[in-house]
Protein chains: 2
Amino acid sequence: MTTIRDVAKHAQVSVATVSRVLNQKGYVSKKAEEAVMAAIKELDFRPNAVARTLYNKSSRMIGLIVPDITNPFFPELARAVEDIALTYGYTVVLCNADEDIKKERNYLDVLKQKYVDGIILTNNQLSFSEVDEAGVPMVALDRVIADHIPTVVSTNKIGAEMATKHLVESGCKFIAHLRGPKGLPTADQRLEGFRNVVEQSAVASVVVEADFHYERSELVTEELLKQHPSIDGIFASSDVTAAGALKAISKMGKRVPEDIQIVGFDGIPFGEMLVPSLTTIAQPIYQMGATAARLLIKLIEKKPIEGSYFELSTDLIIRETTKGEGAAK
Amino acid sequence: MTTIRDVAKHAQVSVATVSRVLNQKGYVSKKAEEAVMAAIKELDFRPNAVARTLYNKSSRMIGLIVPDITNPFFPELARAVEDIALTYGYTVVLCNADEDIKKERNYLDVLKQKYVDGIILTNNQLSFSEVDEAGVPMVALDRVIADHIPTVVSTNKIGAEMATKHLVESGCKFIAHLRGPKGLPTADQRLEGFRNVVEQSAVASVVVEADFHYERSELVTEELLKQHPSIDGIFASSDVTAAGALKAISKMGKRVPEDIQIVGFDGIPFGEMLVPSLTTIAQPIYQMGATAARLLIKLIEKKPIEGSYFELSTDLIIRETTKGEGAAK
DNA sequence: CTGAAAGCGCTAACAT
DNA sequence: ATGTTAGCGCTTTCAG
């Protein structure tokens with residue numbers, strides 16, 4: 001491994017000078033600079049990132065912690081974060097907490113240990129509020145943690161209202177909501193939106209808890225439909241949940257959207273791959289990730305940020321699991 | 001930040017002693033050890049990982065480079081790698097090369113710079129052979145790079161043969177193969193398996209290139225079916241490709257499996273979510289990831305490895321997109 | 001403009 | 001058994 005000393009020797013200057021040209025800091029004569037450049041090239045020298053990090057206490061890495069990399073929503077988000085980060089010269093370290101609060105803790109520790117410059121925390125089922133007071137800049141993405149942590153989310157409540165309204169307008173008389181895990185703020189907000197609409201419509205409703213896992217959602221739905229055979233509309237708290245519901249329905253021999261209509265939430269590409277394709281409330285996933293990344297980088301670079309709570313808007317995408325207009329799309 | 005010096009002072013010993021108890025190396029008197037432990041606890045001291053890395057040239061991190069985190073195959077793989085790595089006390093850094101050879105290069109560089117202890121390279125569309133001679137231990141996963149790099153793959157050719165045979169046995173007369181990108185060894189092997197079977201069966205066949213992206217696969221399939229309306233079987237090189245094909249078929253008003261039967265490749269959970277659910281060749285994804293991780297860790301710890309080419313076996317999973325027996329499943 | 005030297009936090013000879 | 005000290009490779013005062 002060639003070091004800064006080698007370069008210095010080769011260029012007949014001191015290590016300080018080499019460091020100066022490396023960081024474009026301080027005065028360096030043209031001549032010295034050229035000599036150093038030449039030496040760098042000749043020796044194929046590349047500064048040691050770890051040594052730099054040790055001194056600077058900065059690694060130009062940002063950590064992204066997701067609860068379940070296996071849920072297509074998160075890879076999508078990760079791509080966005082990565083795109084932006086790369087643009088600004090940061091490398092992102094993707095950590096899969098696996099819905100395990102211990103793992104999340106562990107990653108948080110490891111990341112800090114590695115002097116990451118900032119961390120983006122995404123929605124975790126087992127959300128814990130006492131996210132470390134201080135240390136690195138953080139932003140919460142698709143997750144509300146605490147007031148003092150800048151947050152990027154989408155309009156969950158409004159989205160849920162749109163979804164429910166769409167179901168009502170499409171003729172549903174008995175609508176079920178497969179709500180997300182209790183205690184998850186985003187899930188709670190979606191439930192709230194659902195309630196708002198059913199309460200002022202003349203439709204029957206029922207709410208059951210599901211999570212964001214396919215098989216479990218399928219099971220829950222099966223159980224639900226057995227108990228309430230007259231359900232003719234389902235609003236699921238995520239697209240994966242909706243996929244499980246769709247499967248359960250098809251297994252029971254009912255048709256979508258003729259017998260039961262479904263609306264999901266998330267807008268992951270995967271919803272379009274289903275047959276029938278899934279009507280859903282699309283979150284601006286890429287934009288959410290990008291916003292969070294930009295926000296974090298501003299925080300890191302101590303630039304002013306305009307606001308600390310960003311709510312991006314959701315869209316109703318009508319596809320084939322509902323009969324509403326546009327279903328032809 | 002509390003350092004080893006603080007601890008030493010607090011415990012009234014030298015830094016060397018603290019280091020010794022930290023690393024359980026060398027002799028330390030019981031008394032000294034207890035004093036140090038107490039100080040550590042009291043000061044909530046946590047050794048600085050970066051400083052350690054700088055000295056040891058080892059970070060207890062392993063890098064995992066994937067071509068497209070958005071393809072569900074890879075998150076699945078990542079989970080397996082992570083599980084094993086965690087068990088052995090390694091943290092995995094997941095890098096999304098985005099099918100971009102430059103990004104892959106860059107990550108390779110960054111990882112080395114960070115003194116990762118090892119790297120797992122997974123299948124990249126733009127596979128490049130001259131993966132850096134030396135430096136860190138590496139293993140290739142679902143990807144053949146070079147003889148000297150230990151490799152973990154599945155039985156691609158055999159899997160493809162099973163798939164094609166299944167289609168033939170299910171009554172297909174004109175089978176199309178949506179092959180993966182040219183130059184990708186795994187894709188080439190699947191093609192080879194396909195050819196082997198069609199050549200010794202009395203069925204017509206056609207091969208077109210698709211990639212592992214949903215929309216593009218849908219387009220390719222649409223085009224293909226227009227040109228060859230009599231195709232009644234499709235073997236797709238990946239499940240995502242198959243999903244695209246399924247969509248194209250359903251858009252054209254044909255039925256699966258009545259008019260056209262489909263077999264995918266990968267065995268990602270997502271295939272089961274489709275309606276009809278996808279018959280596929282399942283790779284032992286988790287096992288592949290776990291094997292690669294264990295192999296890499298052995299390499300890192302300089303333990304003997306038994307073999308350097310691991311081929312794990314694939315399985316035919318019959319679901320609803322084919323008429324073969326078991327389709328009831 | 002440039003160099004010597006201290007130090008980021010830790011480990012490992014080498015003494016004692 | 002324990003302490004002193006010299007680095008790991010880099011950056012940054014502080015002199016000159």
Side-chain angles (χ1 to χ4, degrees), chain A residues 1-40 43-61 109-117 135-136, chain B residues 1-40 43-61 109-117 135-136:
Chain A
M1 156 158 284
T2 109
T3 80
I4 202 176
R5 311 196 86 80
D6 302 327
V7 176
K9 207 164 289 175
H10 204 90
Q12 317 236 48
V13 297
S14 76
V15 294
T17 302
V18 176
S19 179
R20 283 187 190 104
V21 349
L22 244 34
N23 301 289
Q24 322 235 47
K25 258 181 201 167
Y27 296 99
V28 179
S29 70
K30 198 126 203 132
K31 213 177 91 198
E33 180 170 351
E34 275 161 13
V36 171
M37 294 296 239
I40 288 177
L43 302 177
D44 190 29
F45 164 79
R46 329 217 329 119
N48 181 308
V50 176
R52 281 184 148 174
T53 298
L54 179 59
Y55 187 96
N56 296 325
K57 297 190 179 336
S58 153
S59 60
R60 291 206 78 81
M61 295 196 300
D109 270 9
V110 170
L111 291 177
K112 282 189 187 174
Q113 289 274 322
K114 300 289 182 192
Y115 287 132
V116 294
D117 293 348
V136 266
Chain B
M1 156 156 287
T2 109
T3 81
I4 202 177
R5 310 196 87 81
D6 302 328
V7 176
K9 207 164 287 174
H10 204 90
Q12 318 236 46
V13 297
S14 76
V15 294
T17 301
V18 177
S19 178
R20 285 189 189 100
V21 348
L22 244 33
N23 300 289
Q24 321 237 45
K25 259 181 201 168
Y27 297 99
V28 180
S29 70
K30 199 125 206 135
K31 212 177 91 198
E33 180 171 349
E34 275 160 14
V36 171
M37 295 296 238
I40 287 177
L43 302 177
D44 189 29
F45 164 78
R46 328 219 329 121
N48 182 306
V50 176
R52 281 184 148 175
T53 297
L54 179 59
Y55 188 94
N56 296 324
K57 297 192 180 334
S58 153
S59 61
R60 291 205 80 79
M61 296 196 300
D109 270 7
V110 171
L111 291 176
K112 283 189 186 174
Q113 290 273 322
K114 300 289 183 193
Y115 287 132
V116 294
D117 294 349
V136 266

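So that the names make sense, note that chain A is the first sequence line, chain B the second, and so on, each numbered from 1. Bear in mind the structure is a predicted one, so any value in this text is a computation, not a measurement.
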According to salt bridge (charged side-chain N to carboxylate O under 4.0 Å, His left out), does anything in residues 46-58 of chain B pair up with another residue at least two apart or in another chain? List the pairs. A/Asp109-B/Arg46

Quick check: does any side chain N or O of B/Ser19 sit under 3.5 Å from a backbone N or O of B/Val15, one acting as donor and the other as acceptor? no

Without decimals, in angstroms, what is the distance between A/Lys30 NZ and C/dT2 P? 12 Å

Derivation and outcome, side chain to side chain contact (heavy atoms under 4.5 Å, CB included), residues A/Val50 and B/Gln113: CA-CA 7 Å; A/Val50 176; B/Gln113 290 273 322; over 6 Å; no

How long is the line joining CD of A/Glu34 and C1' of C/dC1, in whole Å? 15 Å

For every nucleotide of nucleotides 8-16 of chain D, 5' to 3': is a protein heavy atom under 4.0 Å from its base (B), only from its sugar-phosphate (S), or from neither (-)? BBSBBB---

For the side chain of A/Ser58 and the backbone of A/Asp117, is there at least one donor-acceptor N/O pair under 3.5 Å apart? no

Please check this pair: side chain of B/Lys114 against backbone of B/Ser59, looking for a donor-acceptor N/O pair closer than 3.5 Å. no

How long is the gap from OG on B/Ser14 to NZ on B/Lys9, to the nearest 0.5 Å? 13.0 Å

Between the opening five pairs and the closing five pairs of the helix from C/dC1-D/dG16 to C/dT16-D/dA1, how far apart are the helix axes, to 10°? 50°

Measuring from atom OG1 of B/Thr17 to atom CD of B/Gln12, what distance do you get when rounded to the nearest 0.5 angstrom? 12.5 Å

B/Asp6 CG to C/dC8 C1': how many Å, rounded? 13 Å

Determine, stepwise, if the pair A/Val13 / A/Val36 fulfils side chain to side chain contact (heavy atoms under 4.5 Å, CB included). CA-CA 8 Å; A/Val13 297; A/Val36 171; 3.9 Å; yes

